[in-house]
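Notes to accompany the following structure.
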Amino acid sequence: MKISKKYYIILLAISVTVFTSCELDGGESLNGANTNSISDDLSRGELPSAVTGVLSAMRTRLDNQVDVQSIFGREYYYFTSSDPRFEGDVVAGNLDNNTFYTTSPYLSRYAVIKDVNLTLQGLENTTDIFSDEEIAGIKGVLNTLKAHELLMVSNNQYTNGMRIDTSDPDNLGPFVTYEDALLAISDLLSTAAIDLANAGGSFAFDLTTGYSGFNTPSDFLKFNKGLNARVEAYRGNYTSVLSLLEDSFMEMNGDFYNGVYHTFSLSGADTPNPLYLALNQTSNVRVSHSSFVDDALPLDSRVDKVVLRNDPVEATGLIGEYDVFIYQSNVDMVPIMRNEELVLLYAEANMLSNPSEAVMAINAIRNEAGLGSYSGALTPQALEDEILFQRRYSLFGEGHRWVDMRRFDRLNELPNDRTTDSVPIAVPIPANENQ
């Protein structure tokens, strides 16, 4: 079972482009590194470029994935004159298995995974001298990032299945179920955590400024644990979630925006933030679903993630009055994981076993948003409703709403503004993918 030759060539092309033409954070060049030299014999000099290449590639088609998931979650609509399929196919839930919103996120995530595999292969083949701690650090970081990309694939593919083992392009592993995929991702994160714990006090490479505060093995391990807490929440293993959060960077009364981010810049061959759009545009706009403002509680400060337009905008029967304005410039960072999500995961993990503890975490979220403390029932259903409501506003436009409503079997509660619209449960497997 293999990816078609056409798709393999595309994956290879993406990998080569990443390694040969990207710049990040002040313009450090990736020129000179290539997939063959890295996989055949990773040198100490090539290592920084290889890691930077992975971090850079993680942003490829990020906007496609976030846009599609946000539309599915009825968080916002994306109207663009260049492609009406966003308000056509995507909102209607009538998905094509051979177009950009299906193939681009899929191929881009697997291209990152390929880059990671090539770098790890090069580490195995290296003739350079790395200490055991340095090797552990390289493996720990790369496998954590690989797990993140696999999770991104699983979020889209869900019960359609996905490949976990792609280390040998000529002998790809089989498609596995969603449950098996999450188990494999959790296991990969656990293995990476062991490596990070044995990686000493520093890495043999630099991370981007998006990892400030997480650029040592012990601090990056906290990100690893937080990411695994997300995976275990998706699996419904709340005891594991609580254990992982204890060792993560969760801080109940800390900065909710503390976390790990994708970075962007306008320097050299780097790229700007593709999720930023100026206010009041007419031909290329992201507009919130009307329910985001209509359902908000009075004084909720999180509503400032959208801004009332000078004039409403309409596309094929869909109307938007508020521009999405999560990012105020084209160099703003985009979160991979931040403290606010961890506090919400803590609330979720306690809602069945320790309702009062769940309410304590809920109140941390509500109070930060300018809301009064929770006064509702302590029943599992009431707490689930409240946590999903808070996740909706805290994590708006960050790719969570559709996944959240799906994992709680509540997709039917998401609104459809046209009789022809529906919310799909998963993204199709690309047409040219051979199973």
Going through the distances and angles, do Leu227 and Leu189 end up as a side-chain contact (heavy atoms from CB on, under 4.5 Å)?
CA-CA 8 Å; Leu227 186 58; Leu189 285 167; 3.9 Å; yes
Is [X] salt-bridged to [Y], going by a charged N under 4.0 Å from an acidic O?
X: Glu348; Y: Arg407; value: yes
X: Arg401; Y: Asp404; value: no
X: Glu232; Y: Arg235; value: yes
X: Asp295; Y: Arg392; value: yes

Ignoring hydrogens and angles, tell me if any N or O in the side chain of [X] forms a donor-acceptor pair with the backbone of [Y] under 3.5 Å.
X: Ser108; Y: Pro105; value: no
X: Asn125; Y: Ser39; value: yes
X: Ser154; Y: Leu151; value: yes
X: Arg74; Y: Asn416; value: no
X: Asn253; Y: Ala364; value: no
X: Asn273; Y: Asp332; value: yes
X: Arg366; Y: Ala361; value: no
X: Asp83; Y: Arg85; value: yes
X: Glu386; Y: Gly376; value: no
X: Asn339; Y: Glu251; value: yes

Any chance you could measure [X], atom [atom1], to [Y], atom [atom2], to the nearest 0.5 Å?
X: His400; Y: Arg391; atom1: NE2; atom2: CZ; answer: 6.0 Å
X: Lys139; Y: Asp195; atom1: NZ; atom2: CG; answer: 6.0 Å
X: Asn350; Y: Ser356; atom1: CG; atom2: OG; answer: 8.0 Å
X: Gln381; Y: Thr379; atom1: CD; atom2: OG1; answer: 7.0 Å
X: Glu149; Y: Tyr110; atom1: CD; atom2: OH; answer: 11.0 Å

[X] and [Y]: which non-hydrogen atoms are nearest, and at how many Å?
X: Tyr346; Y: Met360; answer: CE2-CE, 4.1 Å
X: Pro48; Y: Phe205; answer: CA-CB, 4.4 Å
X: Ser288; Y: Val324; answer: N-CG2, 3.7 Å
X: Ala50; Y: Ile38; answer: CB-CD1, 3.9 Å
X: Leu345; Y: Ala229; answer: CD1-C, 4.2 Å
X: Ala426; Y: Asn160; answer: CB-ND2, 3.6 Å

Identify the residue among Tyr76, Tyr77, Tyr393 that makes a ring-ring contact (aromatic ring centres under 6.0 Å, His included) with Phe292.
Tyr393
Please examine the side chains of [Y] and [X], heavy atoms only from C-beta on, and report whether any two atoms are closer than 4.5 Å.
X: Met337; Y: Leu342; value: yes
X: Asp206; Y: Asn215; value: no
X: Tyr78; Y: Asn284; value: yes
X: Tyr211; Y: Ile336; value: yes
X: Glu46; Y: Thr119; value: no
X: Arg338; Y: Glu398; value: yes
X: Val343; Y: Met252; value: yes
X: Phe220; Y: Phe203; value: yes

Could you list the residues that satisfy ring pair (Phe, Tyr, Trp, His ring centres under 6.0 Å) with Phe72, not counting sequence neighbours?
Trp402
Does the side-chain contact (heavy atoms from CB on, under 4.5 Å) test come out yes or no for Arg44 and Glu134, once each step is laid out?
CA-CA 10 Å; Arg44 184 174 291 274; Glu134 288 175 327; 2.9 Å; yes
Residue pair Asn237, Thr239: steps toward the side chain to side chain donor-acceptor pair (under 3.5 Å) verdict:
CA-CA 6 Å; Asn237 294 335; Thr239 299; over 6 Å; no
Using the rule given for side-chain contact (heavy atoms from CB on, under 4.5 Å), can you reason through Asp385 versus Arg410, listing the C-alpha separation, both sets of side-chain angles and the distance that settles it, and then say yes or no?
CA-CA 11 Å; Asp385 291 345; Arg410 298 174 72 158; 2.8 Å; yes
State whether a side-chain donor-acceptor pair under 3.5 Å links [X] with [Y].
X: Ser43; Y: Asp41; value: no
X: Gln121; Y: Asn117; value: no
X: Thr216; Y: Asp219; value: yes

Are the aromatic rings of Phe86 and Phe100 close, with centres under 6.0 Å apart?
yes
Using 30° and 60° as the class limits, which term best fits the ring planes of His262 and His148: parallel, tilted or perpendicular?
perpendicular
Take atom CG of Leu299 as the centre, draw a 6.0 Å sphere, and report whether it contains more than 12 heavy atoms from other residues, nucleotides or ligands.
no
Would you say Asn412 has more than 12 foreign heavy atoms packed within less than 6.0 Å of its CG?
yes
With respect to Pro428, which candidate in Asn97, Thr103, Thr99 satisfies the side chain to side chain contact (heavy atoms under 4.5 Å, CB included) definition?
Asn97
Cation over ring face, Arg302 and Phe396, 6.0 Å, 45°:
no
Test applied, side-chain hydrogen bond (donor to acceptor under 3.5 Å, both in side chains); reference residue, Tyr101; option that passes from Asn64, Asp67, Asp89
Asp89
Take Leu120 and Glu124, measure what side-chain contact (heavy atoms from CB on, under 4.5 Å) needs, and give me the verdict at the end.
CA-CA 6 Å; Leu120 292 174; Glu124 290 183 4; 5.8 Å; no
